[in-house]
Amino acid sequence: MIEGLIFGLLSILTLAGAAAAALLRNLVHCALSLSVTFVGLALMYLSLGAQFVGLSQILVYIGAVAILVVFAILLTRGAGALTPHRLIAAAGWRLGWIASVAVGFVLIVALVRSPLPVSGDHAVKVTVQQIGQALMGPYVLPLEIVAILLTVALIGAVIVAMPEDQKEMR
Amino acid sequence: MTLTPYLIVAALLFAIGLGIALTRRNAILVLIGIELMLNAANLNLIAFWRFGPHPELMTGMLFALFSIAVAAAEASVGLGLVIAWYRHSKTTDLDEMARMKG
């Protein structure tokens, strides 16, 4: 009962944040409501028993991605509330909303109708030690690939965002 | 609690993210929509891990962790591209990014 109540509140928080990000005009407000969505998802992970993933979600998404989005908005001067109303939505925005509502509808109908092969609710306590051993044992290859990917992404982002005249100097 | 409510929330989140990515004109907001879709997928992974047959194997949870790392890399490169494009043409409006249009 109490679990259902917590789930309801968290899902309302998450979806309201996402809807606000979809509908607000000011870009900074959109970024803030996006971080509300990230907080709601992190709390949902915590309530599902995935403590490490929930805290990584807070660390990575709110600590890094949301801040990065705010930086990008401020650097591209999207922060001013001067955007005229017709400049918010793209050219075919009605079609876009129709497509996304259709996708959501199809997904939910498929979910409700399909019998999911789940064995029920067993709460397993996963410690950080277990996660570390799994990452260093069977998952060591994906971990290394993610490390290489992050390095490449870091260098690539710096080179892409570097001014043109500095690029030619090296 | 059962699995289905979590999956429905994830489906709604995915639909909202898709709506943002398809309807907004600003490139940064399109990236925000893509992040929301990735987060919906992560919620699915965690929910299936929790209610699936073998939660002690931690498969879904570790997949979600790797997915978070990939999403962070994607966000950094995407925002770097947006900033580079802004420096080039002084706009982040996607409807004006039509140089390669045939």
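Every chain is numbered from 1, with letters handed out A, B, ... down the list of sequences.
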Looking at side-chain heavy atoms only, is the closest gap between Ile68(B) and Val53(A) below 4.5 Å? yes
Who pairs with Ser89(B) by side chain to side chain donor-acceptor pair (under 3.5 Å), at least two apart in sequence or on another chain? Trp85(B)
Name, in order of residue number, those residues of residues 6-13 of chain A that have a heavy atom at a distance of less than 4.5 Å from a heavy atom in chain B; otherwise write 'none'. Phe7(A), Ser11(A)
Can you measure from CG (Leu57(B)) to CD (Gln130(A)) and round to the nearest 0.5 angstrom? 11.0 Å
Please tell me if the side chains of Tyr61(A) and Asn39(B) come closer than 4.5 Å, counting only heavy atoms from C-beta onward. yes
Minimum side-chain heavy-atom gap Asn26(B)-Thr76(A) below 4.5 Å: no
Among Val106(A), Leu150(A), Val126(A), which residue has the highest count of heavy-atom pairs closer than 4.5 Å to chain B? Val126(A)
With side-chain contact (heavy atoms from CB on, under 4.5 Å) as the criterion, how do Tyr139(A) and Thr59(B) come out once you've worked through the C-alpha distance, each side chain's angles and the decisive distance to 0.1 Å? CA-CA 10 Å; Tyr139(A) 292 95; Thr59(B) 319; 3.8 Å; yes
Please output the side-chain donor-acceptor pairs of residues 2-21 of chain B that fall under 3.5 Å, not counting sequence neighbours, one pair per line with the distance.
none

Should Val77(B) and Val160(A) be marked as a side-chain contact (heavy atoms from CB on, under 4.5 Å) after you check the CA-CA gap, both sets of side-chain angles, and the distance that decides it? CA-CA 8 Å; Val77(B) 174; Val160(A) 161; 5.7 Å; no
Taking the side chain as everything from C-beta on, heavy atoms only, tell me whether Leu135(A) gets closer than 4.5 Å to Phe66(B). yes
Suppose we screen for side chain to side chain donor-acceptor pair (under 3.5 Å). Which residues come up paired with Ser67(B), at least two apart in sequence or across chains? Asn42(B)
Using a 4.5 Å cut-off on heavy atoms from C-beta on, say whether the side chain of Ile46(B) contacts that of Met44(A). no
